[in-house]
Amino acid sequence: LCQLRQEFQEVTFAGRRGHAETHTAAELEPVIEAAEQVLAKENLAFAEDLKLRNVDGRAVQAALAPDQTLLEFIKYTPVDFYSRSVDSSLPERYACFVVVRNQPLPTAVDLGEAAVLETKIREYRERLNAQVAARDITPKTETELAELGRTLFDLVLAPLGRAVPLDGSCRLIVSPDGLLHFIPLEVLVVSDKTRRDIRYLGECCTITYVNSGRECVNWLNHTKAPANAPVVIGDPDFGLPAEMALAVVQNGASTLPSAP
């Protein structure tokens, strides 16, 4: 399947024919679809993913609640669509598609060159790791780290403007990309010249993370199962002999027998 998809991409975007030089994009499409259907029967996760591919923007918007905003971040390389070739001399960039329920079309916002944002993300992570390793958690070090968090806010969320209300009523659904996977947006510090205190984004809104905005559609079809009694597990014995663990499973005991 991967080979078929790669061949399809080469034919579509680079104008090259397949390895046997007999396949066209139109010929490859039904072959790929057949291979996907076979794999979907054997892998439930792939089958669910296959369903989501046919989801369009309107379905995603319909799945959003009035107080929810979807932020779909992307890292991309600028492309000259007339020549259908990627100009490697152009630097990679970040952008964000803002999707809300009552807006006809998503709003696309450019976030600038990837190198600028990713440098700040690495700097934040290195500073945080150094503070934790040294156990240097003081008001002074928190303020220093907050300045980096404020810079990241200015790079990532400030360009979105009013699309992200910070009055506590907004629920964000975030699909990150690139190095944005490695920093929770909750730690970004809201830039507000009228306030001197540190206000984290996690205090202003609720954030849910998804791999893709299309996953929101599953929420409409999700039915809540009846709640069962909670199962609490604590103080695990990772050195428990295998025969004792097997005995617990077979006997359905709620507590482990005393070790010999």
By salt bridge (charged side-chain N to carboxylate O under 4.0 Å, His left out) - contacts of Arg127 (at least two apart)
none

Locate the shortest heavy-atom distance separating Arg199 from Cys204; write the atom from each residue and the value.
NH1-SG, 3.3 Å

Do any N or O atoms from the side chain of Glu72 and from the backbone of Ser175 form a donor-acceptor pair under 3.5 angstrom?
no

Are Ile121 and Val132 linked, directly or through intermediate hydrophobic residues, by side-chain heavy-atom contacts shorter than 4.5 Å (ILVMFWY only)?
yes

Check whether Glu123 reaches the backbone of Lys120 with its side chain - one donor and one acceptor, N or O, closer than 3.5 Å.
no

Under a single-linkage rule joining Ile, Leu, Val, Met, Phe, Trp and Tyr whose side-chain heavy atoms are separated by less than 4.5 Å, which residues share a cluster with Ile74?
Tyr76, Phe97

Which residue pairs pass the salt bridge (Lys or Arg N to Asp or Glu O under 4.0 Å) test when at least one of the two sits in residues 28-41, sequence neighbours left out?
Arg5-Glu36, Glu36-Arg53

Rounded to the nearest 0.5 angstrom, the OH-CG distance for Tyr200 and Leu185 is 14.5 Å

Scanning both residues in full, the closest heavy-atom pair of Gly213 with Leu70 reads CA-CD2, 3.7 Å

Which residues pass the side chain to side chain contact (heavy atoms under 4.5 Å, CB included) test with Lys140, sequence neighbours left out?
Thr138, Glu144

For side chain to side chain contact (heavy atoms under 4.5 Å, CB included), just list the numbers for Leu71 and Ile173, CA-CA rounded to whole Å, side-chain angles, deciding distance to a tenth of an Å, and then say yes or no.
CA-CA 6 Å; Leu71 304 181; Ile173 302 172; over 6 Å; no

Looking only at heavy atoms, what is the nearest atom pair of Val174 and Phe73, with distance?
CG1-CE1, 3.8 Å

Enumerate donor-acceptor pairs with a distance under 3.5 Å from any side-chain N or O in residues 108-119 to protein atoms, sequence neighbours excluded.
{"unit_1": "Asp110", "atom_1": "OD1", "unit_2": "Arg93", "atom_2": "NE", "d": "3.1"}
{"unit_1": "Asp110", "atom_1": "OD2", "unit_2": "Arg93", "atom_2": "NH2", "d": "2.7"}
{"unit_1": "Asp110", "atom_1": "OD2", "unit_2": "Gly112", "atom_2": "N", "d": "3.3"}
{"unit_1": "Glu118", "atom_1": "OE2", "unit_2": "Lys75", "atom_2": "NZ", "d": "2.8"}
{"unit_1": "Glu118", "atom_1": "OE2", "unit_2": "Tyr94", "atom_2": "OH", "d": "2.7"}
{"unit_1": "Thr119", "atom_1": "OG1", "unit_2": "Ala115", "atom_2": "O", "d": "2.7"}

What are the two closest heavy atoms between Pro139 and Thr143, and how far apart are they?
O-OG1, 2.8 Å

Same cluster or not: Leu128 versus Leu155, using hydrophobic residues (I, L, V, M, F, W, Y) connected whenever any side-chain heavy atoms lie under 4.5 Å apart?
yes

Which heavy atom of Pro91 sits nearest to which heavy atom of Pro78, and what is that distance?
O-CD, 3.3 Å

Just one of Asp67, Thr69, Thr206 clears the side-chain hydrogen bond (donor to acceptor under 3.5 Å, both in side chains) bar with Arg171, so which one?
Asp67

Taking the side chain as everything from C-beta on, heavy atoms only, tell me whether Val100 gets closer than 4.5 Å to Leu64.
no

Would you kindly confirm whether Leu179 and Val156 end up in one hydrophobic cluster when ILVMFWY residues are joined by side chain heavy atoms under 4.5 Å apart?
yes

Check: Arg125 side chain, Ile183 main-chain N or O, donor-acceptor pair, under 3.5 Å
no

Identified side chain to side chain contact (heavy atoms under 4.5 Å, CB included) partner of Leu201 from the options Leu152, Val189, Ile207, Val187
Ile207

Under the side chain to side chain contact (heavy atoms under 4.5 Å, CB included) test, which residues partner Ala158, sequence neighbours left out?
Phe153, Asp154

To the nearest 0.5 Å, how far apart are CD1 in Ile32 and CD in Glu7?
8.0 Å

From His181 NE2 over to Tyr209 OH, what is the distance, rounded to the nearest 0.5 angstrom?
11.0 Å

Would you name the heavy atoms of Glu92 and Thr77 that are closest together and state the gap between them?
CG-OG1, 3.4 Å

Given 3.5 Å as the limit, does a donor-acceptor pair link the side chain of Gln131 with the main chain of Thr141, or not?
yes

